[in-house]
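So the structure is just underneath, and the comments pick up after that.
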Amino acid sequence: MKIIASADELRHQLAGLRTEQIALVPTMGCLHEGHLSLIRNAKRLADIVVVSIYVNPLQFAADEDLDSYPQPFRQDVALCEQEGVDFIFNPTSLYPAQGIQVGLQVNDLSHRLCGISRTNHFDGVVTVVNILFNIVRPDIVIFGEKDFQQLTIIRRMVADLHMPIDIISGETVRESDGLAKSSRNRYLNSEQRQQASKLSCALQLMQDKAKHENDYANIMAAGLEYLKLQHIDIDYLEICDEYNLQAVSTTKHDAPLRIFIAATIGPARLIDNKPLLSPTLEDKQPCV
Ligand code: PAF
């Protein structure tokens, strides 16, 4: 495994490997089981796996956790080595010293869900992802479903800009109590950690309800009431069309529907999502 900080050097290393399938797993480091499962997907689908580790300043607002974002780099390197990654790309910066002049902008899709409180976040994400695509020129890129809005926006970017790249999604990996794995879970103390597991419980409860009835208001009310009982102050809870992320107000809908939640628990803003009607039998988590 090679650890490379320079974009030119990575391009040079990959130049001789262009006949092989190259997969990219973009990350901000602090790797957990969720990332490892994306890396395993990449290993299955491609010959060469590049993992980028870069905490992208452009996607953080001034009051967010850019400066404290955990960067256990040696641990990340050991995990990548263990998973058989070929290259870690770990640039110091991807932007000109005097600041970036040209970036990408997402329209409608970034004005929903997380984009309402995190203005410009998704512009920062697509800009850095586009830069990474230009450096690595991957055939396949793997993103996690935990960041479903990000995944949807990137799929749209690839389609709108005719990028010759396959975007593959990886399922959300969860703790045994259902909490979606996230680098930010480490900000939680034990009480907050327990409360955080209730986010996925609320989604599970709504899925259960949707199996037996299709009244939108009852399904939403069940989720909201449960979260209130758990004293969780949500940023949003919405049932949306999975493709355009528009909130619906009825469950009679042609496209698949997905439930999205965001809440701040202690110092961490957490997000999660699940399909309203699960096509597969998911493991039920122990919820009370
Ligand atoms: O999902 C993430 O970790 C980041 O948003 C990404 C895609 C690596 C871009 O910085």
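When a ligand or atom number is given, it counts from 1 through the structure's own listing order.
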Notebook entry, point to check: Under 4.0 Å from any heavy atom of P26, which atoms of ligand 1 are there?
Noted result: 8 (C)
Next item on the list: Report yes if N56 has an N/O atom closer than 3.5 Å to an N/O atom of ligand 1; otherwise report no.
Entry: no
Checklist line | Flag, side chain of E83 to backbone of K43, donor-acceptor distance under 3.5 Å | finding: no
Notebook entry, point to check: CZ of R40: more than 12 outside heavy atoms within 6.0 angstrom?
Noted result: yes
Margin query: Quick check on contacts: which atoms of ligand 1 are under 4.0 angstrom from a heavy atom of V128?
Written below: 9 (C), 10 (O)
Notebook entry, point to check: Nearest protein heavy-atom contact for atom 3 (O) of ligand 1: which residue, which atom, what distance?
Noted result: M28 CG, 3.6 Å
Check: Is R118 paired with E64 through a side-chain N to carboxylate O contact shorter than 4.0 Å?
Finding: yes
Notebook entry, point to check: Among protein heavy atoms, which lies nearest atom 2 (C) of ligand 1, and at what distance?
Noted result: Q150 NE2, 3.9 Å
Check: Of all the atoms in ligand 1, which lie at a distance below 4.0 Å from a heavy atom belonging to T27?
Finding: 8 (C)
Next item on the list: Have a look at E9 and tell me which of H12, Q13, R11 forms a side-chain hydrogen bond (donor to acceptor under 3.5 Å, both in side chains) with it.
Entry: Q13
Margin query: I'd like to check P275 versus Q207 (side-chain heavy atoms, cut-off strictly below 4.5 Å). Are they in contact?
Written below: yes
Item checked: Protein residue, atom and distance nearest to atom 10 (O) of ligand 1, heavy-atom basis -> Q59 OE1, 2.6 Å
Notebook entry, point to check: So among D123, N107, V126, which one has a side chain to side chain contact (heavy atoms under 4.5 Å, CB included) with I153?
Noted result: V126
Next item on the list: Give the numbers and elements of all ligand 1 atoms closer than 4.0 Å to a heavy atom of F143.
Entry: 7 (C)
